[in-house]
Amino acid sequence: MTSPPPLPDRYDFAATEPEIYRAWLDAGCFDAHAEHSSRVGGERQPYTIVMPPPNVTAILHVGHGLNNTIQDVIVRWARMRGAEALWVPGTDHAGIATQNVVEKLVAAEGKTRFDLGRAAFVQRTEEFVARTGGTILEQLRAIGASADWSRTAYTLSPELSVAVREAFVRLYERGLIYRGHRVIHWCPRCLTSLSDEEAEFNDETGKLYHIGYPVEGQPGRELVIATTRPETMLGDVALAVNPDDERYRDLIGHSVRLPIVNRSIPVIADAYADPTFGTGVVKITPAHDANDFEVGRRHSLPMPVVIDETGKLGEIADADGRVPAELNGMDRFEARERIVEILRTSGELKKIETHQHAVRHCYRCDTVVEPRLSDQWFVKMEPLARPALQAVRDGAIRILPERWEAVYVNWLTNIRDWNISRQLWWGHRVPVWYCDECDPPQDIIVSRDDVRECPHCGCPVRQDEDVLDTWFSSGLWPLSTLGWPDEQSADLAAFYPTDTLVTAPEILFFWVARMIMLGYEFTGRAPYHTVYLHGTARDTQHRKMSKSLGNGIDPLDVTKLYGADALRWTLIAGMGMGADVVLDPEDLDKSFAAGRNFGTKLWNIGRFLLDRVGSDPVQPLAAVDRGALTRADEWILSRLDAAIAECDRALGPLWPTTPHDSPDGLVWRESERYAGLKLNEYAEAARHFVWNELADWYLESLKSRLETPGADREAARAVLVHAFDQALRMLHPVVPFVTESLWQRLPGRAAGEFLVRASWPAARGAKQSRAAQEFEQVREVVLAVRQIRGDNAVAPGKMIEVLVRPSGADGGELRTLLEQELATIGRLTRSETRIVDDVPEGAAAHAVIGGGTEVIVPLAGLIDVEKECARLRGEVAELEKQILSREGRLNNAKYVERAPEQVVANDRAILQEMKTKREQLVDKVRSLCGA
RNA sequence: GGGCGAAUAGCUCAGUUGGUUAGAGCACCUGCCUUACACGCAGGGUGUCGGGGGUUCGAGUCCCUCUUCGCCCA
């Protein structure tokens, strides 16, 4: 048999990664098959993740990198666990965001979207998306995303648009969508309404203006109000005071004169007025404040509109004569200054205070949002929220980390109706038509199909101009990507409900909660059983990485410099659940050292191992006679079992398994609900095994065994290949490329086999063998010698003499064991090791290890006797302290009486051992230091 | 203003129902280019568990309180 060419010294990730990714694609490794799903009679339980669709105009940033790496780790793990794993990729048309991008392009040509007109603008946007829209999905391939690209979805595709219409019509028919006339959040730059969630709060230092409104019929008396937005006063229709507020009770029912506008408005009593805020008097501007609107409705007040859609003052509706000519057409902030000036001149401005308050801004363009009275489509949320709340309470859905569940419950409990219409051009047009000809006017027509003529009078109809909130379509994502509303869809039957959703907490309300609500509404089932919320990528000053701050990291830069595995490892291993990932955009070398170093280490382990093992056939471990295994073999196999168990513990169960009387059928039991998906703990457990156990101990201990042909060599080869094979499987979900590359080279690998499709390691279940425990004794001796070397600064390469005096406590078994392992100890410590019965005279360094065994390094001239004495005395002193503390505790009658027996007994045993060790150390000090 | 959470090593974080001498990774310090790996090897823990009080034989862990910070909501 010919030997394979030796592996290159350096792992060439730049050449290897694309090659391996191509091989995976060609072999269809990421393709899921509906017919394999156990839900439709197949042999595999499905495991599905739908990718949070990035905006179609997005380019990859480290946040996407983190989000998608987490998903890829989970989906690769599920695939190896034998699931029919499906990861559905796709993009979001991202209404406002995309429209803004194209508007900027148009603006560069000196035009607005209105110059182009709706049809041309939409076409322009479609062309832009067609040209650039696939970019981010291409980029995800470079970081190893194992998504099923044949199912790539797009929220504005014809298929998904069908789902959107179906959802709208069904909700309408159920009475859950309605047309509402109320004050909503309006962005004067984007020229659209926004949902509550899209109008984000910024804490700002503003001003609180105190303005006097003269009381009519009581000269000299005035009511002073405090407002942050004096420009809205032109639309004031009343002043409100709290009915319980003694200060103003006599004025209820009277009138005041509205300054500037110079007209009479009433003083009303309403609990909305907060006696403790400002002066306790609040001006009521129903058309320009949501709370005032409610007050206005309660008191049947007029609702004059004095600010237009672009934020300029004017007499827009029912405002006859309220806006003075000099303010007409003026921008709202300019008008604020001007009005304050006018009031200052007239003496009606009483004072100005600085004021901390939260101001709503458009989440897309950061413009200050203007409350605006208008007609919008709303979704009635309370009935939708009920099952979504119950699901989390029952445990049908878990949210990780746990603390977000409280936030979710709190939001859903106080949910408000959702404004879903947007005055944009880019999106799903509201499927509502109006007939202007019918007499009397007909009700609106809500339809799944386009309507051309009025079903009542046959006249032409016009479609509602608005489009739907982008989040309305993404809220259907788990359904629509799997074929809903087509009840015959194979994917829907095979893969819905999906399993885990991985996203950032910022869109818990925007997206996650709405998907859950719509999932229950349309299927009666939760869309997934696990919501995993991960942290944010931040720079070293803990600022969120962002384009505008210029502190971002391009994941593709990282893959070019260190490879995709290095990127993935660094992100996964460095991220506690829900915790932010801190990286330094100024120093990629340092930031990604962990991933780069680990990849190199893995490569070197593989290089060494494959070279020494050779390509001759290797026995499967099961075929190796147990008696042929050395203590080191047994030890590494037991460590492997422990590592597998630890990885499984950290990753937790894939699915909930506890039957429950709810629509979902299965719920998380408390013991497992918050237990899994600790990806960093899993990664660390796997890393610790391969690096600190397999490489540092096992490989080092068996070098000579591989040089001599024979049964022992074959046993070592079998164990080595088995352990490394299992280690590569364990690590594959995090670092798929380098593990696949090495795994392919293991002896006996058949063509067409892929690690990506290999089975997840299973512990052998062999109980901790005696031989494995005995190897721990060997390790203790080695560690003691190394510590002596370190403490005495003896160069690691220098051959030394080591004497071991076994404790006689076990009747000589330990002595036999150590005699058999002398060669291993010698190799691992670079020493001539001997067993002795007596401690020789002369200068030597000493260590006492478990059970009283002594390790002696007689190195006259190599060690500093003074230093060694000091060290030993220090150790004795430390021991004394601990003995004292423990004795004190054991002398406490209450402790002995009340603490569990086990705890006390354990304490006594430890005390005894400490005392033994102290005696030995004191002896050493006496003989070595003569004191 | 309401709610939730956090505060443990230089940094990011674990620490299960209270029970040995509080841990991990990275960073750091010391010694080494020891024939797979200096992107490495060997050794080293550097801590008033935010402050104060309480419960308990025993508190990082439970209770109260204060401080600081973060997130969500209004």
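Not measured: the values here are computed from a predicted model. Below, read A as the first sequence line, B as the second, and so on, with proteins coming before strands; counting in each chain starts at 1.
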Would you find a donor on one side and an acceptor on the other, under 3.5 Å apart, between the side chain of A/S701 and the backbone of A/Y698? yes

Name the residue from A/V735, A/L679, A/L66 that meets the side-chain contact (heavy atoms from CB on, under 4.5 Å) definition with A/I572. A/L679

Take the protein atom CZ of A/F608 and the nucleotide atom P of B/G40, then report the distance between them rounded to whole Å. 17 Å

Assign a letter to each nucleotide of nucleotides 69-74 of chain B from its 5' end: B, base within under 4.0 Å of a protein heavy atom; S, sugar-phosphate only; -, no contact. --SSSB

Report which part of the nucleic acid A/E681 touches: base, sugar-phosphate, or nothing (heavy-atom distance under 4.0 Å, all strands). sugar-phosphate

For atom C1', what is the distance between B/U8 and B/G45, given to the nearest Å? 14 Å

Between B/G50 and B/G10, how many Å separate the two P atoms, rounded to a whole number? 13 Å

Quick one: does A/T16's side chain get under 4.5 Å of A/Y11's, heavy atoms only? yes

Take the protein atom CG of A/D589 and the nucleotide atom P of B/C26, then report the distance between them rounded to whole Å. 16 Å

Could you measure between the two C1' atoms, the one in B/U56 and the one in B/U61, and give it in whole Å? 13 Å

Polar pair under 3.5 Å, donor/acceptor by atom type, side chain A/K601, base B/C37: yes

Could you tell me whether the side chains of A/S704 and A/R827 share a donor-acceptor contact shorter than 3.5 Å? yes

Check A/E672 with A/R398, please: is the shortest side-chain N to carboxylate O separation under 4.0 Å? no

Is A/W691 close enough to B/C41 that one of its side-chain N or O atoms is under 4.0 Å from OP1 or OP2 there? yes

Considering only the P atoms, how many Å lie between B/G31 and B/C37, rounded to the nearest integer? 23 Å

Base, sugar-phosphate, or nothing: which does A/R596 touch, judged by heavy atoms less than 4.0 Å apart? base

NA contact type, A/D696, heavy-atom cut-off 4.0 Å: base, sugar-phosphate, or nothing? sugar-phosphate

Nearest listed nucleotide, side chain of A/N604, among B/G19, B/A36, B/C39: B/A36

Cationic N near anionic O, under 4.0 Å, A/E897 to A/K894: no

Please pick, from B/C39, B/U21, B/A24, the nucleotide with the shortest atom-to-atom distance to any side-chain atom of A/E684. B/A24

What do the steps show when you test A/R649 against A/E681 for salt bridge (charged side-chain N to carboxylate O under 4.0 Å, His left out), and what is the final call? CA-CA 9 Å; A/R649 184 205 62 77; A/E681 293 179 18; 2.7 Å; yes

Determine the interatomic distance between C1' on B/A74 and the same-named atom on B/U67; round to the nearest Å. 26 Å

OP1 or OP2 of B/U35 under 4.0 Å from side-chain N/O of A/K703: no

Using the P atom on both, measure B/G18 against B/U30 and round to a whole Å. 44 Å

Considering just the side-chain nitrogens and oxygens of A/R886, establish if one lies under 4.0 Å of OP1 or OP2 belonging to B/U20. no

Got a donor-acceptor pair under 3.5 Å from the side chain of A/E700 to the base of B/A42? no

Pairwise C1' distance, B/U46 and B/A59 [rounded to whole Å]: 25 Å

Go nucleotide by nucleotide along RNA chain B from the 5' end; which of A/I910 and A/A594 gets its closest nucleotide reached first? A/I910

Between A/R639 and A/E776, is there a side-chain N and carboxylate O pair less than 4.0 Å apart? no

If we ignore hydrogens and angles and just use 3.5 Å, is the side chain of A/R360 paired with the main-chain N or O of A/V369 as donor and acceptor? no

Between B/U35 (P) and A/D611 (CG): distance, integer Å: 15 Å

Considering only NZ, NE, NH1 and NH2 on the basic side and carboxylate oxygens on the acidic side, decide whether A/D9 and A/R607 come within less than 4.0 Å. yes

Considering only atom P, compute the distance from B/G60 to B/G70 and round it to an integer number of Å. 28 Å

Between A/S741 and A/R745, a side-chain donor and acceptor under 3.5 Å: yes

Could you check which of B/U21, B/G25, B/U34 has an atom nearest any side-chain atom of A/R830? B/U34

What dot-bracket string describes RNA chain B from 5' to 3', counting Watson-Crick and G-U wobble pairs whose defining distances are under 3.5 Å, with [ ] for crossing pairs and | for pairs to another strand? (((((((..((((.....[...)))).(((((.......))))).....(((((..]....)))))))))))).

Using heavy-atom distances to pick each residue's nearest nucleotide on RNA chain B, tell me which of A/I605 and A/A899 is more 5'. A/A899

